[in-house]
Amino acid sequence: MSESKRPISAEDLNRIHYVQDPQISPDGQLVAFVKVTPDALERGYKRNIWLFPLGGGEAFQLTRGDKDSGPCWSPDGKHLAFVSTRGDKPQIYLLPTKGVGGEARALTDMKYGAHSPAWSPEGRQIAFLAPESEDERQSAPGEDSDTPPPIDKLEKRQRRERQDEDEQMRWDPREMWRIPYRRGTSFVDERYDQIYVINSEEASESRPRRLTDSNADHSQPRWSADGASIFTSRTTDPEGDEPWRSENLYRIDVSSGQASPMTDGAHSSYGPLPSPDGKWLACGRLPIGVTDIPMRLVVMAPDGSDLRIVNEEIDREAIDWAWSPENQLAFAVESEGRTLPWIYDPASDTARPLHDGLYDIEQFDIGRGGLMSMTVSTPQNPQELYILQDGDFVEATQFNQDWLSEVIVQEVQELRFQSPQGEVQGWYLLPVDYEPGQRYPLALNIHGGPHATWGYATKTMWHEWQFHAARGYAVFYCNPHGSGGYGEDFMRKLHAAWGPVAMDDIMAGVDAFLELGIADGNRMAITGGSYGGYMTAWIITHSDRFKAAVAQRGVYNISSFYGTSDVPLLMSNEFDAEPWENHEVFWDNSPLKYAANIKTPLLLIHSENDFRVPIEQGEQLFAWVRRATDTPVKMLRYPREGHELSRSGEPGHRISRLTEMVNWFDKYVKD
């Protein structure tokens, strides 16, 4: 161990900064982005907008509201629109940027908030989304502004309390009329995101004008090149369950509000993005009822003709896309443990990679001349802002540098191996203080999804893997069949067989890693979250090779999951049946069926408000193991948290989770 550096701790989570939403200014001089910093005192995260000067210099802070996100440049680059929750609801604010001065002003005052701003091409209007119910849409937008302002702070507080009370009583009792009826960490109501347009000029006092009137959520509005239309997507069946699984593209006339469908519903199409010259429209597309193939990036003429599938030959997922001013479509490709930039030229109908490396792009923007700003995680750094120009890949921010200079960061090394299904890609980290010839306890990690993918620099796991290594564990993880990043055939190998196929891959990887002589096969721990929690339970119900297991937010009973989750159709699509049609396939593929076989000491971690994988899943497995075996079992329930506990939960809860996990490993693996 270096005398000048120390092992990474769980508490270091509070030292890690992240970046989001990079946006290049129209003149190509600045990048606006969001810096995210844990705020342990407030049990959350500070989000402020920063600017990076592309001509040279360091990034500097622009806003200080601590709740700011979604920067969006005006076409002339003189203003920045952004979303801020400076009051009780998020609203859209405008801030002058020339001279980098001035005060942000609230552009919207929507009763239930506003988000997703988009400037019109000439810069005089902004389209945005705001939620309203069918009844609320009968009144004019901004009608509440006719109410006299409160006479003092007491009346203002009383009005807010009355509004909150009325809102609570409106759901007493709570009505459920379709699935999902709850998402994230809250219940779904009857308010849907509608598209509005408002004048952006400071002297204007016009109220926002609603363009849509549908009991369906609309996607981010996107202006046509001539400013006459707005592109969006929304569900094809407002009364159906899981409406996002079937979406059509729509073109909305700005003057009349008339919506014209652009797709026929044969596929689910979403995220429309018109090219600057108005000749092309890019969007994502998937077949209806299919969840285990890579999403296809499609480019077509605005009337729906001349359709091309950009990533069909690549056979890899495209996770983000943006048009350059020269009408080239940049997109990020997820492939073999990396997420890298590509570019598509509609004139020649060809795509090519822009850069290669061991890193992950999460979000990006593209400017003139192919200039790209990207949020990037690397094996050495959880995340920073990077600039790619003319082949030069440059780290633009160094928010984590001071912390990284204090701690030991273990190298991530690749391990490819053979399983009964074919070649599988995996990775490992050596424990801190590793000495050749010594064998160390193993921490096996399994990803969720089931079609997610991990790699060299997975942002959401960067700190966790390093922490495991810092506590003396050799860390191993892999992308078993079913993972994204290897093509359609690889992904579909898991279809209707979640447990056996992935277990064969994972255990083959464990054996291949043990052959390196680094880990001790008699001292192994296993963990994973969501589908990774499912696989953790599946493996320990079919093997007693592990001395400790931590199953997190996992699916353990597919039938009851179907009846309580916000995504029951995932199971219908993955197993080709409804539970009442073929209960056996659901039960045979449920780890709960085999729970009485568990001999591995088991810690269950779940969140009280997890509506993706409800906590009843953990409760069932806890009860079965507790009652059917003598195996040590414990369950931790985290209040206020949802499915994203490990990624965006309260910093204190995330630190607690990491600590409890490794303490469980230590108790049964090391001791």
Would you check, one step at a time, whether the test side-chain hydrogen bond (donor to acceptor under 3.5 Å, both in side chains) holds for Ser607 with His643? CA-CA 7 Å; Ser607 298; His643 199 61; over 6 Å; no
Hey, could you give me the [atom1]/[atom2] distance between [X] and [Y], rounded to the nearest 0.5 Å?
X	Y	atom1	atom2	value
Phe467	Leu658	CZ	CG	6.0 Å
Trp342	Gln328	CH2	CD	14.5 Å
Ile526	Ile506	CD1	CD1	7.0 Å
Met535	Ser530	CE	OG	13.0 Å
Ile540	Leu602	CD1	CG	4.5 Å
Gln552	Asp610	CD	CG	11.5 Å

Residues forming a side chain to side chain donor-acceptor pair (under 3.5 Å) with Thr37, sequence neighbours excluded: His17
Restricting to side chain to side chain donor-acceptor pair (under 3.5 Å), what partner residues turn up for Glu317, sequence neighbours left out? none
Once you measure the plane-to-plane angle for [X] and [Y], does it fall in the parallel (<30°), tilted (30-60°) or perpendicular (>60°) bin?
X	Y	value
Trp119	His79	tilted
Tyr477	Trp454	perpendicular
Phe82	Tyr93	parallel
Tyr668	Trp664	tilted

Which is it for Ile387 and Phe52 under the side-chain contact (heavy atoms from CB on, under 4.5 Å) test, yes or no, and what are the steps along the way? CA-CA 10 Å; Ile387 303 299; Phe52 175 74; 4.0 Å; yes
If you apply the rule side-chain hydrogen bond (donor to acceptor under 3.5 Å, both in side chains), what do you find for Gln91 with Ser84, and how did you get there? CA-CA 6 Å; Gln91 301 292 347; Ser84 183; over 6 Å; no
Report the C-alpha separation of Tyr18 and Ser377 in whole Å, then their side-chain angles, then the decisive distance to 0.1 Å, and conclude whether the side-chain hydrogen bond (donor to acceptor under 3.5 Å, both in side chains) test is met. CA-CA 9 Å; Tyr18 297 100; Ser377 54; over 6 Å; no
His606: partners by ring pair (Phe, Tyr, Trp, His ring centres under 6.0 Å), with sequence neighbours left out: none
Under a 3.5 Å cutoff, is there a donor and acceptor pairing between the side chains of [X] and [Y]?
X	Y	result
Asp21	Gln363	yes
Ser419	Asp505	yes
Ser74	Asp76	yes
Glu334	Thr453	no
Tyr428	Glu414	no
Asp520	Tyr440	no
Glu384	Thr397	yes

Listing request: all salt bridge (charged side-chain N to carboxylate O under 4.0 Å, His left out) pairs with a residue in residues 454-472, at least two apart in sequence or in separate chains. Glu362-Lys459, Glu464-Arg657, Arg471-Asp666
Sequence neighbours excluded, every pair satisfying salt bridge (charged side-chain N to carboxylate O under 4.0 Å, His left out) that has a member inside residues 645-655: Arg640-Glu650, Glu644-Arg647
With a 6.0 Å cut-off on ring centres, are [X] and [Y] close enough?
X	Y	value
Phe665	His468	yes
Phe476	Trp427	no
Tyr473	Trp465	no

Any side-chain to backbone donor/acceptor pair from Ser324 onto Arg368? Under 3.5 Å, distance only. no
Whether Thr378 side chain and Gln380 backbone form a donor-acceptor pair below 3.5 Å: yes
Candidate pair Ser483 and His447, rule side-chain contact (heavy atoms from CB on, under 4.5 Å), full reasoning: CA-CA 9 Å; Ser483 304; His447 73 60; 2.8 Å; yes
Evaluate side-chain contact (heavy atoms from CB on, under 4.5 Å) for Val510 paired with Met524, printing each intermediate quantity in order. CA-CA 10 Å; Val510 169; Met524 299 195 302; 3.7 Å; yes
Phe331 vs Trp323, test: ring pair (Phe, Tyr, Trp, His ring centres under 6.0 Å). Steps then yes/no. CA-CA 9 Å; Phe331 58 104; Trp323 290 100; over 10 Å; no
Residue that, paired with Leu340, satisfies side chain to side chain contact (heavy atoms under 4.5 Å, CB included) out of Asp356, Leu354, Leu358: Asp356
Looking at every non-hydrogen atom in both residues, tell me the closest pair between Ile24 and Asp365 and how far apart they are. N-OD2, 2.8 Å
[X] with [Y]: basic N within carboxylate O range, under 4.0 Å:
X	Y	value
Asp68	Arg86	yes
Arg6	Asp12	yes
Asp27	Lys78	no

Begin with the C-alpha distance, continue with both residues' side-chain angles, and end with the deciding distance and a verdict on side-chain contact (heavy atoms from CB on, under 4.5 Å) for Arg553 and Ile605. CA-CA 6 Å; Arg553 64 188 187 279; Ile605 295 177; over 6 Å; no
Counting only heavy atoms not in Lys670, do more than 12 sit closer than 6.0 Å to its NZ atom? yes
Residues 370-398 vs ring-ring contact (aromatic ring centres under 6.0 Å, His included), sequence neighbours excluded, gives His355-Phe393, Tyr359-Phe393, Tyr386-Phe393
